[in-house]
Number of protein chains: 2
Amino acid sequence: MKEVTKYIIKNSLKRIFLYRACLSRLKQMGVDKVFSYTLANEAGVTPAQVRKDFSEFGIKGNKKGGYEIDELLSKMEEIFHRSKDHNIVLIGMGNLGQSLSRYSKFVQRNMNIVATFDVDPFKLKMRSEIPVYSMTRLKEIIDRFRVKVAIIAVPEISAQEVADELIRHGIKGIVNFAPVLLKVPSEVVVNNVNLCDELESVIYYVQKILKSEGLKNIELLYKDMKY
Amino acid sequence: MKEVTKYIIKNSLKRIFLYRACLSRLKQMGVDKVFSYTLANEAGVTPAQVRKDFSEFGIKGNKKGGYEIDELLSKMEEIFHRSKDHNIVLIGMGNLGQSLSRYSKFVQRNMNIVATFDVDPFKLKMRSEIPVYSMTRLKEIIDRFRVKVAIIAVPEISAQEVADELIRHGIKGIVNFAPVLLKVPSEVVVNNVNLCDELESVIYYVQKILKSEGLKNIELLYKDMKY
DNA sequence: TATATTTTGTGACTTCTTTCACAACAAATG
DNA sequence: CATTTGTTGTGAAAGAAGTCACAAAATATA
Ligand SMILES: NC(=O)c1ccc[n+]([C@@H]2O[C@H](COP(=O)([O-])OP(=O)(O)OC[C@H]3O[C@@H](n4cnc5c(N)ncnc54)[C@H](O)[C@@H]3O)[C@@H](O)[C@H]2O)c1
Ligand SMILES: NC(=O)c1ccc[n+]([C@@H]2O[C@H](COP(=O)([O-])OP(=O)(O)OC[C@H]3O[C@@H](n4cnc5c(N)ncnc54)[C@H](O)[C@@H]3O)[C@@H](O)[C@H]2O)c1
């Protein structure tokens with residue numbers, strides 16, 4: 001089993017998520033039709049980019065008529081198989097894990113954290129709305145709820161061993177918050193989210209901005225960060 | 001003042017962070033010298049990629065001798081201006097904000113959350129180690145600690161107004177956790193982190209993997225996500 | 001000191017991504 | 001119903017990112 005490290009998700013997919021968020025917002029504001037340039041403007045990209053991305057995901061609009069927001073949104077739901085619910089487990093109910101387990105947006109998008117796990121016996125809460133189980137029950141719960149995706153929020157030192165155990169029990173996708181690049185077999189998807197790096201990269205660019213006051217530099221800089 | 005939307009940070013910069021993490025780990029394991037292929041293997045990229053990235057950031061090694069880990073790390077510190085401390089403010093002490101404010105890795109990397117802010121009067125704690133102030137004291141604290149970078153962890157609905165206020169008080173960089181694309185002037189850096197999207201993109205790829213059992217598809221898929 | 005060996009650093013090449021530009025089409029207009 | 005208008009969808013062009021391959025350099029070896 002070839003062990004590899006993976007990291008980032010295709011930009012075009014991220015932009016589709018972005019478009020969806022913009023569309024939802026426009027819809028709430030009472031808009032029900034967009035042109036590629038309306039959406040592009042909203043999302044901070046070019047109209048051609050919007051159309052190319054749509055093309056990649058097989059999303060079609062109406063010549064001259066633009067795109068119906070409702071149609072777009074439901075096409076996107078379809079692409080993401082968002083109709084059905086997705087059961088998730090979360091490992092590590094510390095600071096971050098507890099925060100994530102309470103995050104309501106996951107549920108809004110049909111991603112349900114059905115159970116959480118921790119090694120610390122003081123953290124266990126079997127009867128809570130989102131239960132906190134001991135790690136010994138991991139396999140049982142993954143099987144019962146047909147869980148395929150897990151969130152890792154354990155300390156750096158334990159992240160790889162937890163990942164290995166999850167994969168042994170059939171997990172195929174992991175969002176990893178521990179600041180370590182997980183090694184996983186090639187048929188498993190990992191998205192390593194490193195919040196320190198996210199903050200640090202902002203600091204890096206801010207320092208550059210503060211040093212170079214000239215506008216030309218800022219334009220260049222902007223390219224580095226544009227979607 | 002041209003308002004633009006920004007999103008992502010250059011891949012090569014992210015890889016430099018990745019290399020740094022790998023190097024720290026290797027160092028802890030007692031290694032003190034690497035070749036481009038050692039590090040590449042550790043980071044899951046090609047040796048050429050490592051050397052190209054180093055070249056972009058002006059990092060030089062020793063012909064035949066590879067790279068001294070200590071030298072590499074201190075060169076990286078230098079690039080990221082990590083010698084001095086960076087003062088950060090955090091807005092929104094809810095679930096996520098509280099978790100982030102307690103995250104020790106920020107401090108380890110000289111990024112200090114000097115103060116946090118919230119509108120909710122019940123959340124205020126002026127005498128705590130990391131104080132929670134009312135928003136009225138924002139300008140005072142930003143000025144006093146020469147803060148240039150902020151973390152936004154307020155609800156979606158308030159994120160743009162908070163960003164505007166921060167920028168008015170001289171903030172030049174923002175890490176935004178609210179699931180909304182902030183509009184900011186072009187001399188301000190924003191890194192929008194959307195955890196829902198991160199999770200959802202993993203689900204997307206997992207579904208693809210589960211559908212297409214053939215190995216060729218997985219190779220293709222893998223390309224989509226590789227660094 | 002000459003030769004062999006090994007690894008860097010980078011220009012050339014390739015592949016991937018974005019932008020351009022325009023044919024095709026649908027709606028509006030007269 | 002022909003013509004104009006305006007927008008999509010997509011190949012082609014341009015640009016960016018990643019890989020290859022090899023000269024240059026440093027070290028080891030004889
Ligand atoms: N706190 C944050 O805001 C934050 C932000 C970004 C990343 N992270 C990362 O997320 C991870 C968790 O951070 P945290 O601040 O919540 O830490 P924490 O120490 O508060 O929580 C870790 C939890 O994991 C549990 N745990 C430890 N080993 C385990 C194992 N083998 N199996 C199951 N559970 C185990 C612990 O009992 C604890 O409850 C860390 O890797 C950290 O670097 C945290
Ligand atoms: N909880 C999570 O795990 C999580 C994960 C990813 C993203 N987020 C996002 O992070 C943000 C915060 O999430 P949360 O779960 O902590 O929400 P929360 O409701 O627990 O906390 C929000 C906090 O912001 C404060 N606030 C509201 N308006 C404010 C304003 N104008 N100025 C200053 N403070 C203000 C509130 O008083 C509250 O304390 C949201 O945008 C959410 O979508 C949260």
Side-chain angles (χ1 to χ4, degrees), chain A residues 4-19 23 26 31-69 71-72 75 79 201 219-227, chain B residues 4-19 23 31-69 71-72 75 79 219-227:
Chain A
V4 294
T5 52
K6 293 176 212 173
Y7 211 70
I8 217 161
I9 304 287
K10 236 186 160 188
N11 284 355
S12 55
L13 180 61
K14 282 206 174 183
R15 281 195 304 267
I16 293 283
F17 288 129
L18 176 58
Y19 300 149
L23 290 167
L26 287 169
V31 184
D32 50 28
K33 211 181 70 178
V34 290
F35 300 121
S36 59
Y37 55 83
T38 331
L39 182 53
N41 181 54
E42 204 62 26
V45 301
T46 63
Q49 181 83 81
V50 170
R51 296 201 301 275
K52 249 286 143 74
D53 287 336
F54 281 7
S55 167
E56 183 182 341
F57 286 90
I59 296 174
K60 301 233 174 260
N62 319 301
K63 291 278 164 72
K64 182 140 192 192
Y67 307 83
E68 297 283 336
I69 289 186
E71 255 175 55
L72 277 183
K75 191 76 210 298
I79 289 167
S201 50
E219 290 290 309
L220 263 171
L221 198 61
Y222 173 51
K223 275 222 150 178
D224 284 3
M225 305 163 31
K226 181 161 78 130
Y227 225 132
Chain B
V4 294
T5 52
K6 294 175 211 173
Y7 211 71
I8 218 159
I9 305 285
K10 235 185 162 191
N11 284 354
S12 54
L13 180 61
K14 283 206 175 183
R15 280 194 305 265
I16 292 284
F17 288 130
L18 176 58
Y19 300 149
L23 290 166
V31 184
D32 50 27
K33 212 180 69 179
V34 289
F35 299 121
S36 58
Y37 56 83
T38 331
L39 183 53
N41 181 52
E42 204 62 25
V45 302
T46 64
Q49 181 83 82
V50 170
R51 296 201 302 273
K52 249 283 148 73
D53 286 336
F54 281 7
S55 168
E56 183 182 341
F57 286 90
I59 296 173
K60 300 235 175 260
N62 320 300
K63 292 278 163 73
K64 184 142 189 188
Y67 308 83
E68 296 283 337
I69 290 187
E71 254 175 56
L72 277 183
K75 191 77 210 297
I79 289 167
E219 290 291 307
L220 264 170
L221 196 61
Y222 173 51
K223 275 219 148 178
D224 284 2
M225 305 163 29
K226 181 164 79 132
Y227 225 134

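Nothing here was measured: the structure is a model prediction, and the numbers come from that model. Residue numbering restarts at 1 for every chain, and letters A, B, ... go by the order of the sequence lines.
- B:Met225 has its CE atom 17 Å from the C1' atom of C:dC16, to the nearest Å.
- The phosphate of D:dT10 has OP1 or OP2 within less than 4.0 Å of a side-chain N or O from A:Ser55.
- When the P atom of C:dT17 is taken as reference, atom CG of B:Asn11 falls 10 Å away, rounded to whole Å.
- Here B:Phe54 lies out of heavy-atom contact (under 4.0 Å) with every strand.
- Contact check, B:Gln49 against D:dA17: no side-chain N or O comes under 4.0 Å of OP1 or OP2.
- Of the residues in residues 56-65 of chain A, A:Lys60, A:Gly61, A:Asn62, A:Lys63, A:Lys64 come within less than 4.0 Å of DNA chain D through at least one heavy atom, sorted by number.
- Here CG of B:Leu23 is found 9.5 Å from CG of B:Leu18. Values are rounded to the nearest 0.5 Å.
- Residue A:Ser36 is in sugar-phosphate contact alone, with no base atom involved, counting any heavy-atom pair closer than 4.0 Å across all strands shown.
- Checking D:dA21, D:dG18, C:dT18 against every side-chain atom of B:Arg15, the shortest atom distance belongs to D:dG18.
- B:Asp53 and B:Tyr19 share a donor-acceptor pair across their side chains, judged by distance under 3.5 Å alone.
- Atoms CG (B:Asp224) and P (C:dT15) sit 17 Å apart, rounded to a whole Å.
- The distance from atom NZ of A:Lys10 to atom P of D:dA17 is 17 Å, rounded to the nearest whole Å.
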### Message
Assess the residue pair A:Tyr67 and A:Asn62 against the criterion (side chain to side chain contact (heavy atoms under 4.5 Å, CB included)); give the C-alpha distance rounded to whole Å, side-chain angles, the decisive distance to 0.1 Å, and a yes or no.
### Response
CA-CA 6 Å; A:Tyr67 307 83; A:Asn62 319 301; 5.9 Å; no

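- When atom types are taken as modelled, the side chain of A:Lys75 and the backbone of A:Lys60 share no donor-acceptor pair closer than 3.5 angstrom.
- For the pair B:Tyr222 OH and C:dT15 P, the computed distance is 18 Å after rounding to whole Å.
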### Message
I'd like to know whether B:Arg15 forms a salt bridge (Lys or Arg N to Asp or Glu O under 4.0 Å) with B:Glu56, so could you lay out the CA-CA distance, the side-chain angles of the two residues, the decisive distance to 0.1 Å, and finally the verdict.
### Response
CA-CA 12 Å; B:Arg15 280 194 305 265; B:Glu56 183 182 341; 5.9 Å; no

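- Here the straight-line distance linking atom CD1 of B:Ile59 with atom CD1 of B:Ile79 works out to 4.0 Å at 0.5 Å rounding.
- Nearest to the side-chain atoms of A:Lys52 among the listed nucleotides C:dA21, C:dT7, C:dT18 stands C:dT18.
- Here C:dT6 presents its C1' atom at 11 Å from NZ of B:Lys33, a figure rounded to the nearest Å.
- Listed nucleotides D:dG9, C:dT19, C:dG9 differ in distance to B:Tyr67; the shortest reach to its side chain belongs to C:dG9.
- The OG atom of A:Ser12 sits 12.0 Å away from atom CZ of A:Phe54, with the distance rounded to the nearest 0.5 Å.
- Atom CG of A:Asp53 and atom P of C:dT18 are 7 Å apart (whole Å).
- In this structure, A:Phe35 places its CZ atom 12 Å from C1' of C:dA26, rounding to the nearest Å.
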